[in-house]
Amino acid sequence: MDQLVIRDADVVDGSGAPSYRADVVIHQGRIVQIVKEAAASGCQRPRAMRELDAEGLVLSPGFIDMHAHSDLALLRDPDHSAKAAQGVTLEVLGQDGLSYAPVDDRTLEEVRRAITGWNGYGDDLDMDWRSVGEYLDRLDGGIAVNAAYLIPQGTVRALVVGWEDRPATPAELDRMRQLVAEGLEQGAVGLSSGLTYTPGMYAGNAELTELCRVVGSYGGYYCPHHRSYGAGALEAYAEMVTLTREAGCPLHLAHATMNFGVNKGRASELLTLLDDALDAGADITLDTYPYTPGSTTLAALLPSWASEGGPAGALTRLTDPATAARIRHDLEVTGADGCHGVPVEWETIEISGVSDPALAHHVGRTVRELADERGEEPWTVAHRLLVGDRLGTTILQHVGHEENVRAIMRHRAHTGGSDGILQGTKPHPRAYGTFPRYLGHYVRELGVLTLEECVARLTARPAARLRLPDRGLVREGYRADLVLFDPETVGAGSTFAEPRTLPTGIPYVLVDGRFVIEDGRRTDELAGRAVRRTPV
């Protein structure tokens with residue numbers, strides 16, 4: 001007898017086709033048999049050591065989070081219910097051009113400080129890896145869900161060039177190409193950039209194009225957080241389309257939003273740009289989260305010149321009164337490139353987490369509220385936080401537009417990504433709620449997508465972008481990374497007030513055929529592993 005049979009499930013298989021009733025048999029981590037309409041057909045039904053009655057539940061492929069910031073959380077927190085309870089069975093790490101491999105001792109320390117707000121400093125972990133392959137090997141030691149990795153271009157630049165705002169020399173560019181090739185050979189699925197984050201933003205398009213040529217030759221893809229989501233957003237999107245087409249590299253647009261007041265109602269312009277490129281033969285996908293506000297670190301808003309030299313350079317400039325005044329002018333008047341060219345609106349900047357517990361009273365308040373309460377200028381509050389928290393403060397940025405969110409999620413190239421930052425007392429609820437919110441709010445309540453359309457965007461389409469030959473569909477021979485959910489009750493429990501609340505209506509999640517969520521509770525299974533690039 002086989003290991004497990006899931007009986008009478010309503011299978012939404014990830015292809016976008018209509019659902020069907022079936023018994024699904026799982027053995028040794030794979031789907032070995034699918035018997036459609038088994039109860040009605042009169043045929044002998046499959047038997048197994050364990051049988052699970054799925055009456056009233058939808059069985060779909062496990063969800064793929066195309067934009068995750070769990071690079072350390074997967075190692076730190078074996079439970080990882082933030083993602084497992086959502087039905088996520090695979091996360092893509094190494095996002096926004098900054099992560100923890102490839103590094104040397106110097107670069108690792110610099111990166112740890114630069115993205116403390118994303119992942120914590122990591123002093124609770126033994127970071128004994130240096131290469132991409134060694135990091136993936138560490139993940140293979142056992143994690144809650146599977147993980148793929150993008151080579152972070154900013155980290156590569158920090159390793160080779162440093163944190164200076166200058167072009168790479170020919171020798172430095174050769175070394176960066178070599179590091180990207182090595183990372184792909186070791187299993188990375190592509191390259192990411194954070195082009196509003198230092199030091200990645202110091203790279204010109206010629207440099208990025210050369211790195212993307214390497215990525216394309218290995219069958220990987222480029223995932224940029226491009227140069228602006230505010231002023232000049234459409235030009236920034238077009239820049240990435242042109243760059244990757246010249247390089248012969250597939251493009252995946254990270255958290256493809258149209259935020260800030262200047263872009264209200266302009267999603268159609270972005271979608272026309274993408275449709276024209278797709279119709280002309282471009283290979284493009286994108287991801288979004290189903291919320292309006294964004295989330296990042298407070299330090300990310302700084303102008304790029306203020307962050308040259310890395311975290312130490314930024315702190316030195318912030319503590320010099322004349323330079324700090326110049327930073328303030330760029331933020332509040334000019335519109336810093338770190339804030340997407342838009343003058344900062346302090347009433348939209350909510351503190352979501354701090355690294356120093358002594359600053360915890362700031363969490364949950366906007367910079368404007370904190371300033372008004374103390375009779376101070378907003379910049380005074382922001383400056384005190386930046387320096388006092390050593391750049392470790394995370395924020396929510398309330399600048400999105402619902403009509404843009406809905407329009408973009410309907411697009412034919414759309415996939416789902418949480419962009420979930422798990423640090424902070426009050427993180428963005430997308431970290432705990434993205435995938436059930438798609439299914440509950442945007443499918444069941446609003447009808448923006450059909451259930452079959454939505455599941456395809458969260459499963460098969462991202463699996464195709466990742467070039468995974470045996471994931472993303474309910475098919476015989478495929479990996480048994482699966483989720484069972486109740487379409488009538490599935491929904492995000494997380495809110496902006498209570499962001500760490502787990503979702504409802506997802507009683508079972510399997511990774512490699514093993515239950516990581518059973519009867520709505522996290523088991524002790526660590527069934528996840530590193531998912532490496534499929535060689536071309």
Side-chain angles (χ1 to χ4, degrees), residues 12-16 29 31 58-71 73-74 80 82-95 136 139 143-150 187-190 192 220-221 223 250 252-256 285-290 409 413-420 430-439 443 449 451-475 478-485 490 503 506 509-513 516-517 527-534:
V12 177
D13 67 5
S15 69
I31 301 167
V58 168
L59 175 67
S60 82
F63 306 134
I64 298 176
D65 188 343
M66 287 294 287
H67 194 102
H69 288 285
S70 303
D71 305 49
L74 272 169
H80 204 52
K83 294 300 179 67
Q86 292 185 59
V88 171
T89 59
L90 172 60
E91 298 183 275
V92 185
L93 313 177
Q95 299 287 348
L136 296 178
L139 296 178
I143 48 180
V145 302
N146 298 308
Y149 189 73
L150 294 165
V189 295
S192 78
Y221 68 94
C223 180
H252 181 84
L253 294 164
H255 38 59
T285 50
L286 59 90
D287 67 67
T288 69
Y289 47 84
M409 75 169 62
H414 173 260
T415 70
S418 71
D419 196 11
R430 67 194 186 192
Y432 285 73
T434 286
F435 296 88
R437 181 170 169 82
Y438 268 119
L439 297 168
V443 171
L449 299 169
L451 181 59
E452 289 83 357
E453 287 173 332
C454 185
V455 168
R457 292 156 192 267
L458 306 182
T459 59
R461 189 174 295 167
R465 165 52 73 219
L466 295 166
R467 297 181 64 249
L468 302 177
D470 57 357
R471 300 177 195 265
L473 292 167
V474 180
R475 291 281 192 275
Y478 273 56
R479 296 272 184 179
D481 294 346
L482 301 166
V483 57
L484 282 151
F485 62 89
V490 64
I506 305 180
V509 181
L510 295 92
V511 174
D512 198 36
V516 297
I517 299 292
R529 296 294 184 270
V531 173
R532 291 167 170 81
R533 180 188 59 85
T534 302

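Values reported hereafter were calculated over all heavy atoms of this structure, with side chains retained and with hydrogens, waters and symmetry mates removed.
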Handout entry: Ala147 to Leu74 - nearest heavy-atom pair and separation
Key = CB-CD1, 3.8 Å

Problem - Point-to-point distance, once rounded to the nearest 0.5 Å, from CD1 of Ile31 to CZ of Arg475 - result: 9.5 Å

Exercise for the section: Can you spot which of Thr434, Asp65, Thr288 makes a side-chain hydrogen bond (donor to acceptor under 3.5 Å, both in side chains) with Ser418? Expected result: Asp65

Handout entry: Distance (rounded to the nearest 0.5 Å) between His67 NE2 and Leu253 CG
Key = 12.0 Å

Handout entry: Contact check, side chains of Leu482 and Leu59, non-hydrogen atoms, under 4.5 Å
Key = yes

Completion exercise
Separation between CG (Leu466) and CZ (Arg471), nearest 0.5 Å, reads 10.0 Å

Handout entry: Side-chain donor/acceptor of Thr415 to backbone N/O of Leu458, under 3.5 Å
Key = no

Practice task
Check the angle between the aromatic planes of Phe63 and Phe485 and answer parallel, tilted or perpendicular using the 30° and 60° thresholds.
Solution key: tilted

Practice task
Please determine which of Arg461, His255, Met409 meets the side chain to side chain contact (heavy atoms under 4.5 Å, CB included) test together with Asp287.
Solution key: His255

Fill in the blank from the handout: dist Ser60:OG -> Leu473:CG (nearest 0.5 Å) comes out at 10.5 Å

Practice task
Supply the atom-to-atom distance Asp419 CG to His69 NE2, rounded to the nearest 0.5 angstrom.
Solution key: 4.0 Å

Handout entry: Residue pair Leu90 / Asp481, side-chain heavy-atom distance below 4.5 Å
Key = no

Practice task
Specify the closest pair of heavy atoms between Leu139 and Ala530, including all atoms of both residues, with the distance to one decimal.
Solution key: CB-CB, 4.2 Å

Handout entry: Side chains of Val455 and Val58 in contact at under 4.5 Å (non-hydrogen atoms)
Key = no

Exercise for the section: Give a yes or no answer on whether the side chain of Asn146 reaches the backbone of Gly528 with a donor-acceptor pair at less than 3.5 Å. Expected result: no

Exercise for the section: Using the six-membered ring of Tyr438, assess whether NZ or CZ of Arg457 lies under 6.0 Å from its centre and within 45 degrees of the ring axis. Expected result: no

Problem - Shortest non-hydrogen separation from Ala431 to Gln86 and the atoms involved - result: O-NE2, 2.9 Å

Handout entry: Reported CZ-to-CZ distance for the pair Phe435 and Arg430, which is rounded to 0.5 angstrom
Key = 12.0 Å

Handout entry: Partners meeting ring pair (Phe, Tyr, Trp, His ring centres under 6.0 Å) with Tyr432 (sequence neighbours left out)
Key = none

Exercise for the section: Over all heavy atoms of both residues, which pair between Leu150 and Cys223 is shortest? Give the atoms and the distance, please. Expected result: CD1-CB, 3.9 Å

Exercise for the section: Mind running side-chain contact (heavy atoms from CB on, under 4.5 Å) on Val531 and Leu468 for me, showing each step along the way? Expected result: CA-CA 9 Å; Val531 173; Leu468 302 177; 3.5 Å; yes

Fill in the blank from the handout: Val483 and Pro61 have their tightest heavy-atom pair at CG1-O, 3.4 Å

Exercise for the section: Work out which heavy atom in Val509 is nearest to a heavy atom in Ala84; give both atom names and the distance. Expected result: CG2-O, 3.5 Å

